[in-house]
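Report on the following structure.
Positions are given from 1 along the sequence.
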Amino acid sequence: MNERNKSLWKQAIKWPLYSVAILPVFISGAYTLNSFKNVKIYNLIAFTIAAILILIWENLTNDLFDSETGIDEFKFHSIVNLVRSKTIVSITAYTSLLIGLLVIAIISISTSINVMLLVGACCFLGYLYQGPPFRLGYQGLGEPLCWLAFGPFAYAAALIALNPSDIYMISIPWKESLLLGSGSSLATTLVLFCSHFHQIKEDKEHGKNSPLVRLGAKKGAKIIPWIVFIIYIFQLFLIINGFIPILCILFLISFAQSLKLITLLKYSYNKPEVIKNCKFIAIKFQTLNGIGLIAGFIIDYLIYK
């Protein structure tokens, strides 16, 4: 494999992106450990594996669905363009989904059927994003779907699966999942939002009316600081009202990346080649934000256990 192909495969795999699947599980686990002084560690490991497998399905099928609309025709790092076989990509995607859901089903047996239902809802929201006949991502609804799937639904499922006392056997912890997951999932949604800055022209040509197609790059860039501000203010509010410990202020370790993202888009929003990797800066922001929360929960637990 030559250097160009290696680079294309690296872009196609997008391994940093898998933090969006892992962090809801680990943040929920850290919160559970801090609140209940214990966590179902085997369920945490199993849930993490399942989340990765389900995201593999999501990423592969998105490439498949995009190949049908022609939007990825010149996207050389598309998995479909690299493998050159939609059948192989499809089989791999749905096998990954099946195994992931099987793991979730096993977790559900030992906890609550609601885990399976919530994860199933996440998968359905993921399909609505790109899957025919819905393709809601083409109607500019990808970001709200992303927030729901990686926020309230994912966090509620993880909180049930990881809780050591089974207090959520019947009820779904919507309040806890909304408080714990809203800020972090907005950071995840920011990644999706930023992934379209460099391809506004292509999206528009293929009828994908993403928020950035509707707003334009200049207005979109002006929204970024407000999204970051809302994330930080919301997480600070959680500390002030006592829902999360003060040490979770470590979420601010993500500040440098947020500033880098804001600055880049402020001055280069109209330069696709310069900002084509801005989504990876957004991923670093999202990941560090989540790691800061996790560290805060665990350090607080170790101090006061």
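- For the atom pair I224 CD1 and T263 OG1, the distance stands at 12.0 Å (nearest 0.5 Å).
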Y269/F197 under ring pair (Phe, Tyr, Trp, His ring centres under 6.0 Å): CA gap, chis, key distance, verdict: CA-CA 7 Å; Y269 65 86; F197 266 102; 8.5 Å; no
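- When the options F234, Y31, F297 are evaluated for a ring pair (Phe, Tyr, Trp, His ring centres under 6.0 Å) with F243, the one that passes is Y31.
- Open room surrounds NZ on K271; 12 or fewer heavy atoms of other groups in view lie less than 6.0 Å from it.
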side-chain contact (heavy atoms from CB on, under 4.5 Å) between I249 and L236, worked out: CA-CA 7 Å; I249 195 70; L236 186 61; 4.0 Å; yes
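- Within a 6.0 Å radius of OH in Y267, other residues, nucleotides and ligands contribute 12 heavy atoms or fewer.
- Ring orientation note: the planes of Y232 and F251 are close to parallel, at an angle under 30° on the 30°/60° scale.
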Derivation of the side-chain contact (heavy atoms from CB on, under 4.5 Å) call for I172 and L117: CA-CA 11 Å; I172 295 175; L117 295 175; over 6 Å; no
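- Checked options L23, T189, L17; the residue passing with Q286 is L23 (criterion: side-chain contact (heavy atoms from CB on, under 4.5 Å)).
- Proximity of K204 to K201: side-chain heavy atoms (C-beta onward) are nowhere separated by under 4.5 Å.
- Of all heavy-atom pairs spanning A149 and C122, the tightest one is O-SG, 3.3 Å.
- At a threshold of 4.5 Å between non-hydrogen side-chain atoms, the residues F47 and V103 do not count as touching.
- The NZ atom of K279 sits 9.0 Å away from the NE2 atom of H196 when rounded to the nearest 0.5 Å.
- Within the 4.5 Å cutoff, no side-chain heavy atoms of K218 are placed close to those of N270.
- The two residues L64 and S90 make their nearest non-hydrogen contact at CD1-CA, 3.7 Å.
- Panel note: side chain T32, backbone S28; a donor-acceptor pair is recorded below 3.5 Å.
- The CG atom of L145 lies 13.5 Å from the OH atom of Y127; values are rounded to the nearest 0.5 Å.
- Under the 4.5 Å side-chain heavy-atom criterion for Ile, Leu, Val, Met, Phe, Trp and Tyr, L302 and I294 are members of the same hydrophobic cluster.
- Counting all heavy atoms, side chain and backbone alike, G29 lies closest to L44 at CA-CD1, 4.1 Å.
- Cluster membership for I291 and I281, using ILVMFWY side-chain heavy atoms within less than 4.5 angstrom, is not shared.
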side-chain contact (heavy atoms from CB on, under 4.5 Å) evaluation trace for L101 with M116: CA-CA 8 Å; L101 290 178; M116 189 68 187; 4.1 Å; yes
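- Between I52 and I56 the shortest side-chain heavy-atom distance falls below 4.5 Å.
- At least one side-chain heavy atom of S108 sits under 4.5 Å from a side-chain heavy atom of I104.
- Rounding to the nearest 0.5 angstrom, the gap separating the CG atom in N59 from the CD1 atom in I54 is 12.5 Å.
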Steps toward side-chain contact (heavy atoms from CB on, under 4.5 Å) verdict (T111, K40): CA-CA 10 Å; T111 53; K40 290 183 176 179; 3.5 Å; yes
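- Annotation for Y94: atom OH counts as buried by contact number, over 12 foreign heavy atoms lying within 6.0 Å.
- Q130 and T61 share no side-chain donor-acceptor pair at under 3.5 Å.
- Each of S184, C248, S182 was compared with Q235 under the side-chain contact (heavy atoms from CB on, under 4.5 Å) criterion, and only S184 meets it.
- To the nearest 0.5 Å, atom CG of residue L252 and atom CG of residue L293 are 9.5 Å apart.
- A donor-acceptor pair under 3.5 Å is formed between the side chain of N43 and the backbone N or O of A161.
- The closest side-chain heavy-atom distance from C146 to Y129 is not below 4.5 Å.
- With a 6.0 Å radius and a threshold of 12 heavy atoms from other residues, nucleotides or ligands, F229 has its CZ atom at or below the threshold.
- The shortest side-chain heavy-atom distance between P152 and W147 falls under the 4.5 Å cut-off.
- Contact check for L118 versus I160: side-chain heavy atoms found under the 4.5 Å cut-off.
- The aromatic ring centroids of W174 and Y155 lie 6.0 Å or more from each other.
- Surrounding NZ of K284 are at most 12 heavy atoms belonging to other residues, nucleotides or ligands under 6.0 Å away.
- From L212, atom CG reaches atom CG of L192 across 9.5 Å, with rounding to the nearest 0.5 Å.
- A 6.0 Å sphere centred on CD1 of I246 holds no more than 12 heavy atoms belonging to other residues, nucleotides or ligands.
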